[in-house]
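Just follow the structure's listing: the first ligand is 1, and inside any ligand the first atom is 1. Just so it is clear, the values below take in all heavy atoms, side chains as well, and ignore hydrogens, waters and symmetry mates.
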Amino acid sequence: MTIETEPTNIKISQLFDIMQTQYGRACFATQDILAGTNVLITNAPFGSVVLYEFRKEVCSCCYRYKYGEYCKIKLTQSNPIVKKRKFHGAGLWFCSEDCLNSYQNKENIDQLIETFDILLEHYQIKAKNPIDHEEFNPKISQQYIESYWKDIEQWEHSIANMKKTKAMNQIPYLNDDEYTSARFVAQSLFNTYQTHESLLLYHNLQSNELQKISKFPILLKSQTLIYKFLKILLPEFLQPLLTTTSMRLLFGREYGNSFGIWQIIEDERDANENKEFLGYMLFPEASFFNHSCSPNVRKFRKGNRMYFETTQDITKGQQLCIDYFHILDEPFQERQKLLSTNWFFDCACERCVLNH
Ligand SMILES: C[S@@+](CC[C@H](N)C(=O)[O-])C[C@H]1O[C@@H](n2cnc3c(N)ncnc32)[C@H](O)[C@@H]1O
């Protein structure tokens with residue numbers, strides 16, 4: 001199948017170009033590439049988060065997980081990087097001194113650690129009195145989403161004029177998933193503040209806000225609760241970066257572009273075990289690969305980076321595609337359904353076009 005392409009001005013690698021196609025942007029080889037070549041090794045994630053339930057078991061630096069074993073090192077008050085406020089551990093655990101040191105070596109990391117600690121403290125206070133979210137199932141349209149966020153902007157004006165103590169009473173209760181998302185947002189904003197090496201590419205990512213909220217309306221409510229939580233709690237230096245626009249873009253981009261942090265099975269004898277889903281991460285430079293049900297690139301994680309390796313010889317001009325969802329063994333109808341439900345697109349890969 002020949003695909004019409006047009007160049008874009010996005011450049012990621014010497015080995016492939018990002019071209020515009022009728023299915024959005026995609027990666028095309030700029031030269032013949034042998035099987036087994038890494039066409040991309042990502043930077044450290046732009047945004048990433050470990051699920052709350054796994055926070056003690058997954059290393060916050062390399063995401064190592066060993067069947068429920070606690071990580072050896074917890075960040076404590078005695079750590080020199082921790083500032084004086086009463087410290088709760090920031091939800092950060094590490095598998096080794098090396099990982100701890102490498103995490104702590106990042107510029108201004110004490111500010112991020114303090115931010116995480118504040119979020120953890122208030123999440124846990126609120127979690128003592130959990131609240132079931134009310135039913136929320138409106139008919140979603142672009143207009144509905146806009147007006148819902150407009151109301152939040154009004155709330156924001158009122159909070160800006162309140163005394164700090166009164167504003168603190170407005171901190172909403174978040175469930176585990178929402179708290180996890182709040183951490184993801186905080187880290188992404190911190191990386192924006194730090195001008196992360198993938199920041200420019202991040203601005204180029206496609207957003208799936210409308211598709212995702214249309215499918216799961218409750219997400220709109222969750223997003224606005226997370227926004228309120230962060231608006232009250234984020235420290236001054238991150239506040240200018242937290243706007244309703246930046247938040248909506250971040251969520252919209254995360255939905256269609258993030259990669260799961262899956263447990264890596266280290267012992268071959270456990271190869272048939274189900275892998276745990278530990279969290280998720282966003283790598284803008286790796287978000288231009290389209291999906292194919294007969295992919296020619298495989299993705300795998302090593303520590304906090306993703307690797308993309310060709311599984312066959314590639315000829316110049318050929319599209320480089322990955323499998324988004326581990327669905328290659330499913331029949332055609334099932335694959336179409338899974339991609340449409342979870343990724344919001346009708347797969348137009350070569351195999352699906354032939355109804356295979
Ligand atoms: C991670 S992005 C890939 C890059 C994207 N094409 C872009 O322009 O930003 C995922 C999106 O690409 C499109 N896409 C990826 N694989 C596809 C396929 N096999 N068929 C149709 N659309 C696809 C869908 O719109 C999907 O939501």
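Protein neighbours of ligand 1 below 4.0 Å, counting non-hydrogen atoms: Tyr23, Gly24, Arg25, Gln206, Asn208, Gly256, Asn257, Ser287, Phe288, Phe289, Asn290, His291, Tyr324, Trp343, Phe345, Asp346, Cys347, Ala348, Cys349.
Each of Phe259, Phe283, Tyr63 was evaluated against Ser48; a single residue qualifies, Tyr63, per the side-chain contact (heavy atoms from CB on, under 4.5 Å) test. Screening Leu200, Ile41, Ile12 against Glu285 for a side-chain contact (heavy atoms from CB on, under 4.5 Å) leaves a single residue, Ile12.
Side chains of Glu178 and Ser181: no donor on one and acceptor on the other come within 3.5 Å.
Taking every heavy atom of both residues into account, Arg25 and Ile10 meet most closely at NH1-CD1, 3.7 Å.
If you chain together hydrophobic residues whose side chains sit under 4.5 Å apart, Leu320 and Phe300 never meet in one group.
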If you apply the rule salt bridge (Lys or Arg N to Asp or Glu O under 4.0 Å), what do you find for Arg298 with Glu309, and how did you get there? CA-CA 5 Å; Arg298 79 178 181 105; Glu309 184 193 79; 3.1 Å; yes
